[in-house]
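In what follows, a structure is listed as C-alpha cells, so that the remarks can point back to it.
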Amino acid sequence: MIDPSLALAAVVRKATIDALGADFADVDPAVRRSDRADFQADLAMGLARRAKMAPRPIAEAIVAKIEQGDLVEKVEVAGPGFLNFTLRGSWLAEAATAALADERSGATRSEAPETIVIDYSSPNVAKEMHVGHLRSTVIGDSLARVLQFRGHEVIRQNHLGDWGTPFGMLIEHLLDVGAERAEEDLAVGELGAFYKAARAKFDADPAFTERSRRRVVSLQSGDAETLDRWRMLVEVSKKYFDSVYRKLGITMKAEDACGESFYDRRLAPLAGELEGSGKATISDGALCLFPAGFQNKEGQPLPMIVRKSDGGFGYAATDLAAIRYRLGDLGANRVLYVVGAPQSQHFAMLFEAAKALGWLAAPRRAEHVAFGSVLGTDKRMFKTRSGDTVRLVDLVDAAVERADAVIGEKNPDLEPAVRSEVARKVGVGAIKYADLSSDRIKDYVFDLERMVSFEGNTAGYAQYAYARARSIFRKAEGAKPGAIQVTEPAERALVLELLAFGGVVKLVEETLEPHRLAGYVYAVALAFTAFYEKCPILKSDVDPATRASRLALVELGSKVIARALDLLGIEVPERM
RNA sequence: GCGCCCGUAGCUCAGUUGGAUAGAGCGCUGGCCUUCUAAGCCGGUGGUCGCAGGUUCGACUCCUGCCGGGCGCGCCA
C-alpha cells in the first residue's frame, strides 16, 4: 500500500466496525488531508443520528479501537469529533521507497478497465486551426493520457469536419487555382486564406455559387473526379493538422481521424431504420426524434432532425450515427465528447435519444466534457487586434519566442541549442498548462505574459522545480540515492504530497477535470521547493545516510513531477 | 418565455464532492544568497464567498427565490 489515505481509511473502517458493530461497515471514513495533522477523519459527526450517540463519544469509541500498527503514530479527538492522525515516519519512508521502486510512482491501474472513446480536437478540413480548437485538443489529449495511464483502452476519435456543403465551393476553388497551386497554398499552412478566398467568391460570384451547388451534388453522388479533389483537400489538411499536433505534443494520430464523411453512407440507412421502426416521426417534412424533456420557445417538443425536409442530413444525424458506431462497432463503455459548453443542450438531447433508442444503457455512459471560451485580456472572445481569429501555430510560436527571451535573460549560460529546446518545452507547456490549470467549465483569460512567467501555478514553476532536481544529480559526484528516512517537517510534507499521486490520477479519471492534476503538480512543486530550501543535500555537513535519503526523495519528486506533467501533455527540461 | 453555465482578495485563479480559522500567485510591503539554479524561500497586507431565505451538529459547497454576466432554444456544427 502506497497511498496513506487508503491505508488509513481501512484502519478507521475496521475500528468503526469494532466500536459500533458490523452494521457500520458501509460508512465512509471521510479521510482528508489536514492542516492540523497529517490526516483527519470526519465520520463521527455524521454518525451521531444513526448511532444514537453524540459525535464526541463516537469519535472516542472509534479511537479506542484504532489499531495503530506500523501506520499510526498518534491519533486524537479534536473539536466536535474530528479524528486527527499523525503517521509514523517509518511507514511513510517505506511507502516512498515502494513508490520509488514502482515505475508508475505508486499510481494503480483501474481494477475494471474499460474501452473509452474520446472525441476531441475535431478541426475542419481546409480551415485553419485557431484558438477555438485549442481547448478541445489540449483537454482531450490530457484526458486520453490519464485514462490510458489508468489502464483503459482509449480510442481517440478526431471527428473532422470533412464533409458537407462547404466542399462544393472548396473544390471549385481548387479547380480554379489548379491542384498544384492549391496544394502549395494548403501545405504551408495557408488554410485560412484558401477557405476565405473560396468563401469570398461564393458570396460575390453567382456563377461560382451555382458551380459550387452542383459540385456538392456530384460529391454526394460519388462522382469519381470530384471525390479525387475532395480526397486531396482532406489529405493535405490532415498533414497540416498532424504538423500542428507534433508542434504541440498532441498524441492524436492520423489514423484516429474519423470524420463526418465516414458516417455519410450510414445516414440514409439510419434514417430509414428509424422511420420504419416508428421511433422517428415526420414534422414539417423533416424526420425527427423528440427526446424527452426538451422544449422550444413555444413550449413544443424540441426535435433532433435526422433527415432534413430536403432529404439531406445535418449534424444531428451524423452525431447519432457516430454515437451508435462508438457504442456498437467500437464497443465503448464510456464515450467522451470534449466540446465547448454552448453545445451542452445538443449533447444532452443526443444522449437522451441514444438511451431512448436502446443504444445507451448503464453501465455504459456518454459524457459531454464541456469547456468555456478563451477570452482576451479585455474579457471578450480572444481575437487579434483586427478582429480575426488567432491561428494556433502563431500562438505557440509567440509563447516559445517569449519563453526563449525569458530563459536567455535568466540563464545566459545555456548553450543556444539547449536553450531553444528548453524554450520549446517551456513555451508549449505554458500554453497547455494555462488551459489545463483552471476549471475547464469556466472561461479563461489568455494572457501570454502570465502564462510564460514561472511564478505561481504555472508550467514553468513546475518545470523549474524539476530542472533543479536534475541539477542536483549532475552535481552529486559519487553520491547515490539510498534508504529513505522521513524526519524533517519539509521531508514529511513532501512525502505526503508525493504519495497522493495515485489518488489524484483516479480523481481525474472520475471527474474528467485535468485542473485537479495541475493543482497537484503545483502542490508537489511547492513542497519540493520548500524541501530543497530547508534540507541541504550535497553540502559538506550532511551525513551520508541523510544525503542518500534526500537524494532518493529528489529522485521520487522529480519522477512524480515529470509523470504528472506528462499526463497533462507537458514535457520537462533537464536544464533551465 | 424556457433551459444550461458562471459570480470567491484590487487583478488572475484554487477550494479534495458538507468539515475546524476560505487558500495560492500577481500587486503593495519586510526579511533571506561566500557551498545543491534567488526563475527561489520565510513573513506582512488584503474577504458581507453576488443577495436573501432554507436544509444540517456544521454551507463557498446542497435546495428555493432574486440580482448581474455569458450561452443555447427546428432543418449550420
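Keep in mind the model is a prediction, meaning the values are calculated, not measured. Order of the sequence lines fixes the chain letters, A, B, ..., with proteins taken first and strands second; residue numbering starts at 1 for each chain. Just so it is clear, the values below take in all heavy atoms, side chains as well, and ignore hydrogens, waters and symmetry mates.
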With rounding to whole Å, what would you report as the distance between [N] and [M] at their [atom1] atoms?
{"N": "B:rG46", "M": "B:rG23", "atom1": "C1'", "result": "13 Å"}
{"N": "B:rG68", "M": "B:rA14", "atom1": "C1'", "result": "23 Å"}
{"N": "B:rA77", "M": "B:rG15", "atom1": "C1'", "result": "35 Å"}
{"N": "B:rG7", "M": "B:rC60", "atom1": "P", "result": "15 Å"}
{"N": "B:rU34", "M": "B:rU16", "atom1": "C1'", "result": "44 Å"}
{"N": "B:rC41", "M": "B:rC36", "atom1": "C1'", "result": "15 Å"}
{"N": "B:rG69", "M": "B:rG53", "atom1": "C1'", "result": "23 Å"}
{"N": "B:rG10", "M": "B:rG50", "atom1": "P", "result": "13 Å"}

More 5' along RNA chain B: A:Val406 or A:His346, using each one's nearest nucleotide? A:Val406
If you find the nucleotide of RNA chain B closest to A:Phe531 and the one closest to A:Asp443, which residue's nucleotide is nearer the 5' end? A:Asp443
How would you label the contact of A:Ala467 with the nucleic acid (heavy atoms, under 4.0 Å): base, sugar-phosphate, or nothing? base
For [N], does the base pair up with any side-chain atom of [X] as donor and acceptor (N or O, under 3.5 Å, distance only)?
{"X": "A:Arg468", "N": "B:rA39", "result": "no"}
{"X": "A:Ser283", "N": "B:rG74", "result": "yes"}
{"X": "A:Glu455", "N": "B:rA39", "result": "no"}

Parallel, tilted or perpendicular: which describes the rings of A:Tyr325 and A:Tyr263, with under 30° parallel and over 60° perpendicular? perpendicular
Relative to the ring of A:Tyr522, is the ring of A:Tyr461 parallel (under 30°), tilted (30 to 60°) or perpendicular (over 60°)? perpendicular
Got more than 12 heavy atoms from elsewhere within 6.0 Å of CZ, A:Arg474? yes
Within 6.0 angstrom of A:Glu367 CD, more than 12 heavy atoms from elsewhere: yes
Quick check for you: among B:rG15, B:rC75, B:rC73, whose closest atom lies nearest to any side-chain atom of A:Lys297? B:rC73
Can you measure A:Asn296 atom CG to B:rC2 atom C1' for me and round it to whole angstrom units? 10 Å
Under 3.5 Å for both donor-acceptor distances, Watson-Crick or wobble: does B:rC75 have a partner, and if so which one? none
Who pairs with B:rC28 - Watson-Crick or G-U, where each distance is under 3.5 Å: B:rG44
With respect to the phosphate group of B:rG40, does any side-chain polar atom (N or O) of A:Lys410 fall under 4.0 Å of OP1 or OP2? no
Within 90° of 0 counts as syn, otherwise anti: where does B:rC62 fall? anti
Is the glycosidic torsion of B:rU29 within 90° of 0, making it syn, or is it anti? anti
